Amino acid sequence: MPDIDANPSWADQVEDGDDVLPPPTEDFHASTGTKILTEYKFNDDDKKVKVVRTFKIEKRKVSKSIATRKAWKKFGAAEKDAPGPNPSNTIISEDVIIQFVHSKDSQLNDNDEDPLNKIKGQKMVSCRICKGDHWTTKCPYKDSLAPLQESLDEKKKDGDAVDAAPGAPPGGAAAAKAPGGKYVPPNLRDGGNRRGESMMGGRKDESATIRVTNLSEDTREADLQELFKPFGNISRIYLAKDKVTGQSKGFAFINFHRREDAARAIQGISGFGYDHLILNVEWAKPSGTNP
DNA sequence: TATGAGCGT
């Protein structure tokens, strides 16, 4: 084992010897606008080499503070340095272009002015039920006025349909008769006679929805189905996922056919350890009911 | 981190 302290490396020996490098020099030629930098160093073969670099000095605008700083007398450890940057501790690099974010912002703000003013005071939506300044689905009179209006419409349609199909059921005629008319969801068809109720044995309870939170990220709909199936029939499962990445957001909605089953699921699964996490289950609040 | 999406005006 060689003793490192007793035998300094070849690099140290070179530096310790009388092979001392001359200091770098810098010459500026105002006539040509060039700066010549000369420095000395050892190459790979331990030979002393002279490195000459020529810079083209451009005249450029600098801010006042930089210009002032450039005129300062050198001080401290650099007191005895030649004018200009010292190549042993300073590197002149290429220009770096910096784009400031705030300038973009101010531009955007300027552009925003006009469109904002344009739509100012304009009525964007008008409720079909009460003509108010909100979407029809958000209408406060949706439940009270809308069915009234619908039944009025149905009566009008029935009157028209009597000539064409006297024996047909009113609702079916109305739905089948208007091919270019507006869409009526299946649960709202059949007008006021509610024939669907006798078929389904009662309306399904929309409020039998529970929310499951603290799900692990790799939980899938199928897993939830397996987990909640024992409590009763499930009508729908929605697992919240990121639209872009598809990654689970860690919560889900489960729709049961019966509210009692949902209640039992809350009792049974809340606090249930699943995939190293403790599940939290509670009643879901309907979305889109924000004031 | 956490209450879903769709239709339309």
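Residue numbers begin at 1 in each chain, while the letters A, B, ... track the order of the sequences. Small disclaimer: the values here were computed from a predicted structure and weren't measured.
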From CG of A:Leu279 across to P of B:dA2 the rounded distance in Å is 17 Å

NZ/A:Lys41: more than 12 non-hydrogen atoms of other groups inside 6.0 Å
no

Determine yes or no for a side-chain-to-main-chain donor-acceptor pair under 3.5 angstrom, with A:Lys74 supplying the side chain and A:Ala82 the backbone.
yes

Any donor-acceptor N/O pair, A:Asn280 side chain to A:Thr213 backbone, under 3.5 Å:
no

Check every strand shown and say whether A:Glu282 touches a base, only sugar-phosphate, or nothing at a heavy-atom separation below 4.0 Å.
base

What I want to check is whether the side chains of A:Asp81 and A:Asn86 have a donor and an acceptor closer together than 3.5 Å.
yes

Separation of B:dT3 atom C1' from A:Asp242 atom CG, nearest Å, is 16 Å

Parallel, tilted or perpendicular: which one describes the rings of A:Phe228 and A:Phe256, with boundaries at 30° and 60°?
perpendicular

Given atom CD1 of A:Ile210 and atom P of B:dG4, what is their separation to the nearest angstrom?
17 Å

Enumerate all atom pairs, one protein N or O and one N or O from nucleotides 5-8 of chain B, separated by less than 3.5 Å.
| unit_1 | atom_1 | unit_2 | atom_2 | d |
| --- | --- | --- | --- | --- |
| B:dA5 | OP1 | A:Tyr238 | OH | 3.4 |

I need the CG-P distance between A:Leu215 and B:dG4, as an integer number of Å.
15 Å

Under 3.5 Å donor-acceptor, A:Asp45 side chain and A:Lys47 backbone
no

When the distance from CG of A:Asn214 to P of B:dT1 is rounded to whole Å, what number comes out?
11 Å

Specify the residue among A:Ala240 and A:Glu217 whose closest nucleotide of DNA chain B lies further upstream toward the 5′ end.
A:Glu217

In whole Å, what is the span from the CG atom of A:Asn280 to the C1' atom of B:dT1?
14 Å

Would you indicate which nucleotide in B:dA2, B:dT3, B:dG4 comes nearest to any side-chain atom of A:Lys285?
B:dT3

To the nearest Å, give me how far apart CD1 (A:Ile237) and P (B:dT3) are.
20 Å

